[in-house]
Each structure stands twice: as structure tokens, then as C-alpha cells.
2 protein chains.
Amino acid sequence: MNMAEKDTEHCEYMYVHEDVVKKVMDEMPQDEVLYDLAELFKVFGDSTRIKILYALFEAELCVCDMAQLLGLTQTAVSHQLRVLKANKLVKFRREGKNIFYSLSDDHVRSILGQGMEHIREL
Amino acid sequence: MNMAEKDTEHCEYMYVHEDVVKKVMDEMPQDEVLYDLAELFKVFGDSTRIKILYALFEAELCVCDMAQLLGLTQTAVSHQLRVLKANKLVKFRREGKNIFYSLSDDHVRSILGQGMEHIREL
DNA sequence: ATATCATATGAACAGATATTCATACGATAG
DNA sequence: CTATCGTATGAATATCTGTTCATATGATAT
């Protein structure tokens, strides 16, 4: 076998391209970071939460506003806000009986914006 | 009741802030777009797929390379590549028996980059 | 204090999803 | 053309996730 070829290491019954694999391994972020990253995107991967985030693009809203606006139950909205809070995507303030939610920073806009660009090109 | 107050419309037993809700409703993207957007992020919301994408950041790889690199079975990788292909996040070319995958465009990098920035600040 | 409003929370259920196993397909070498 | 390698696919299973229902909490007004 020609040693100049990349195929050197065994992978079950297959051969891997060893040098490339090693290079990639060195550059890969830690597993935990990649896991956290997936968890973050999981939050964006639900249309209810996306709707809530988009609604908050425009204005600060209370739970009932969002429920009415999006045609959802108060409970469903509340559960999803919990997820968004846990991931620091929204912040909130109390005003009497109402709790007003808003976007916590501009990363949300950036991330959603990039996603929008991608689907526009599909 | 003071008409200068925002609370005008009924929502079950609650009142919504009508003017704000209407403003937001006008600005909201179509439901279908938001659904597609959620579907896109759902693709990023899995650590196996994130790992595959990050691996492809660095180099073009065949299925077996990825399986070995990431400690996954060939089948698992193949199933996830199917999802990534369906969402136009990766492209591929055949070279003999191997099929080499690579990132299809720079949106992937942008989206992952924004996500990374967010989790760094948590 | 008590009733009511706005929101949160816990349990239960239904639907979605990732992995595995078995197998099929397409390309190549002999 | 047959065997083998690399990859893809379908079915089955276990886990995860979102919604609903019932109920709890926290704030306000009377």
C-alpha cells in the first residue's frame, strides 16, 4: 500500500484519513462547550419560543399579552418563559400584578437574524 | 375606569395591553416563517450535529472520519448528516467509495459563532 | 382578612427525536 | 460478476419535550 495515501488507520472495517482527523481533533472545542451550545440552540428550536422572542423584539410584554397575541394559553407561555429565563434570553420586571418581559441582550437578535438569512436563501 | 390606562381588552379574566399588542402583531413575521426558523434552529439543537458541524469547520471529512473523530457509530452520523443535508447546512461530493462532506456556506459559522458568544457570557 | 387577578409550578399525557440493529444500495477491485 | 467497502435507510425502542389540567403563589383592592 502506498504510504503517501491518507488512508492509514482502521475504523471498524474502514480506513480513516488520519492526518485530517488529528488536525480536526486539535481544533475542536471541548465537549462540554459543544453540549452547552446545543442546549442554547435547542431553546431557539421551538416555534412557540421563537414567537415569544419575536414578539419581545417589538415591545416589553406581560404574560397575558403574549398569550393573547400568539393564541396560546397562559400556562404554555409561562412554561416557555421559564426556559427562556433559564437561558438568560429574557429579563423581567414586576409592575403590580403584571410581570413584564423583555429581551435580555442583542445576541437574541443576532442569532435570529442569521437564521432568517439562511432560510431566505433556501 | 380611566381610559388613559392601557388595559382595555379582555383576555380570559385578565386585561391585555391592547395598543402594544396590536403594534407587535403588525410587526410579527408570518407564522410559517417563524415555524421554518424554529425548524432550522432545531437542527443546531443537538450536540451530535453541532459536533459534526464543528468538525467540518476545519476540514472536509468522510462519514467514517466523523464517526471515529466523534466516537459515534457510522449509522448515527449518517442519520444526522441526512438532517443537515435536508437543511442545506452541508454539501457533499463522492470520491470513489467515500463521500466527503463540507459546510455549505458561511451562515453556519455565523450562527454558531453568535451562539458561542452568548454562552461565553453566561 | 378575603376575594380576585396575574403568574408560576407540578404531574400526566401525547408527540417528537436520537440511537441502535438489521439490511440495502452504490462503487470498486479482483 | 462477485465480494467487499463505504454509506444510506427503515423499523423499533427509549428518552426527551411541549401542552394541558389542576393547583399554588404573590400582589392588590375592598
Side-chain angles (χ1 to χ4, degrees), chain A residues 1-2 5-7 9-17 21 35 38-52 60-87 90-101, chain B residues 1-2 5-7 9-17 21 35 38-39 41-52 60-87 90 92-101:
Chain A
M1 184 191 227
N2 181 3
E5 282 174 20
K6 290 177 178 175
D7 309 358
E9 200 175 310
H10 214 236
C11 169
E12 303 278 289
Y13 295 89
M14 298 163 274
Y15 292 90
V16 295
H17 305 86
V21 168
Y35 186 80
E39 288 304 302
L40 175 66
F41 284 117
K42 209 169 282 181
V43 178
F44 289 91
D46 174 80
S47 57
T48 299
R49 287 190 293 265
I50 288 276
K51 285 177 187 175
I52 292 174
E60 186 184 56
L61 296 168
C62 72
V63 178
C64 170
D65 288 340
M66 297 186 235
Q68 162 126 343
L69 177 60
L70 307 173
L72 300 163
T73 64
Q74 174 268 318
T75 311
V77 173
S78 205
H79 275 298
Q80 298 307 345
L81 285 170
R82 188 174 200 273
V83 177
L84 294 172
K85 272 190 284 186
N87 285 273
V90 299
K91 55 183 197 266
F92 59 97
R93 66 183 180 83
R94 177 150 227 148
E95 189 180 306
K97 283 183 266 187
N98 288 303
I99 299 182
F100 287 94
Y101 284 85
Chain B
M1 183 192 233
N2 181 3
E5 282 175 18
K6 290 178 181 176
D7 309 358
E9 199 175 312
H10 214 237
C11 170
E12 304 277 291
Y13 295 88
M14 298 165 276
Y15 292 89
V16 294
H17 305 86
V21 168
Y35 186 80
E39 288 303 303
F41 284 117
K42 209 169 281 181
V43 177
F44 289 91
D46 174 80
S47 57
T48 298
R49 287 191 292 264
I50 288 277
K51 284 176 187 175
I52 291 174
E60 186 184 55
L61 295 169
C62 71
V63 178
C64 171
D65 288 341
M66 296 186 236
Q68 163 127 341
L69 177 59
L70 306 172
L72 301 164
T73 64
Q74 174 269 316
T75 311
V77 172
S78 203
H79 275 298
Q80 298 306 344
L81 284 170
R82 189 174 199 273
V83 177
L84 295 172
K85 271 190 283 185
N87 285 273
V90 299
F92 59 98
R93 66 182 180 83
R94 178 150 227 147
E95 189 180 307
K97 283 184 265 189
N98 288 302
I99 299 182
F100 287 94
Y101 284 85

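Letters A, B, ... mirror the listed sequences (proteins, then strands); counts begin at 1. Any value given below was found using the heavy atoms of this structure, including those in side chains, with hydrogens, waters and symmetry copies removed.
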> What pairs with B:F92 under side chain to side chain contact (heavy atoms under 4.5 Å, CB included), at least two apart in sequence or on another chain?
Replying inline: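 B:F92 satisfies side chain to side chain contact (heavy atoms under 4.5 Å, CB included) with B:K85, B:I99, B:Y101 once adjacent residues are dropped.
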>> Test of understanding: with side chain to side chain contact (heavy atoms under 4.5 Å, CB included), list the residues that count as partners of B:K97, not counting sequence neighbours.
In response: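 Side chain to side chain contact (heavy atoms under 4.5 Å, CB included) check on B:K97 returns nothing, list empty.
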Write down the distance between [atom1] ([X]) and [atom2] ([N]), rounded to a whole number of angstrom.
X     : N     : atom1 : atom2 : answer
B:L84 : D:dA8 : CG    : C1'   : 15 Å
A:F92 : C:dT7 : CZ    : P     : 12 Å
A:H17 : D:dC5 : NE2   : C1'   : 12 Å

Please tell me if [X] has a side-chain N or O lying less than 4.0 Å from either OP1 or OP2 of [N].
X      : N     : answer
B:R82  : D:dA8 : no
A:Y101 : C:dA8 : yes
A:N98  : C:dT7 : yes

>> Holding to salt bridge (Lys or Arg N to Asp or Glu O under 4.0 Å), I want the full list of residues that pass it with A:R94, two or more places apart in sequence or in another chain.
In response: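 Here no residue qualifies.
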Kindly give the atom pairs (protein nitrogen or oxygen, nucleotide nitrogen or oxygen) under 3.5 Å for nucleotides 12-15 of chain C.
none

Validation: residues 38-50 of chain A side-chain donor-acceptor distances under 3.5 Å, sequence neighbours left out:
unit_1, atom_1, unit_2, atom_2, d
A:E39, OE2, A:K42, NZ, 3.0
A:D46, OD2, A:T48, N, 3.1
A:D46, OD2, A:R49, N, 3.1
A:R49, NE, A:V43, O, 2.7
A:R49, NH1, A:Q80, OE1, 2.7
A:R49, NH2, A:K42, O, 3.1

>> Going by the rule ring-ring contact (aromatic ring centres under 6.0 Å, His included), which residues pair with A:Y35 if we only count those two or more places apart in sequence or in a different chain?
In response: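 Counting only residues at least two positions away or on another chain, A:Y35 forms no ring-ring contact (aromatic ring centres under 6.0 Å, His included).
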> How does protein contact run along nucleotides 17-30 of chain C, one letter per nucleotide 5' to 3', with B for base contact, S for sugar-phosphate only, - for none, heavy atoms under 4.0 Å?
Replying inline: SSSBBB----SS--
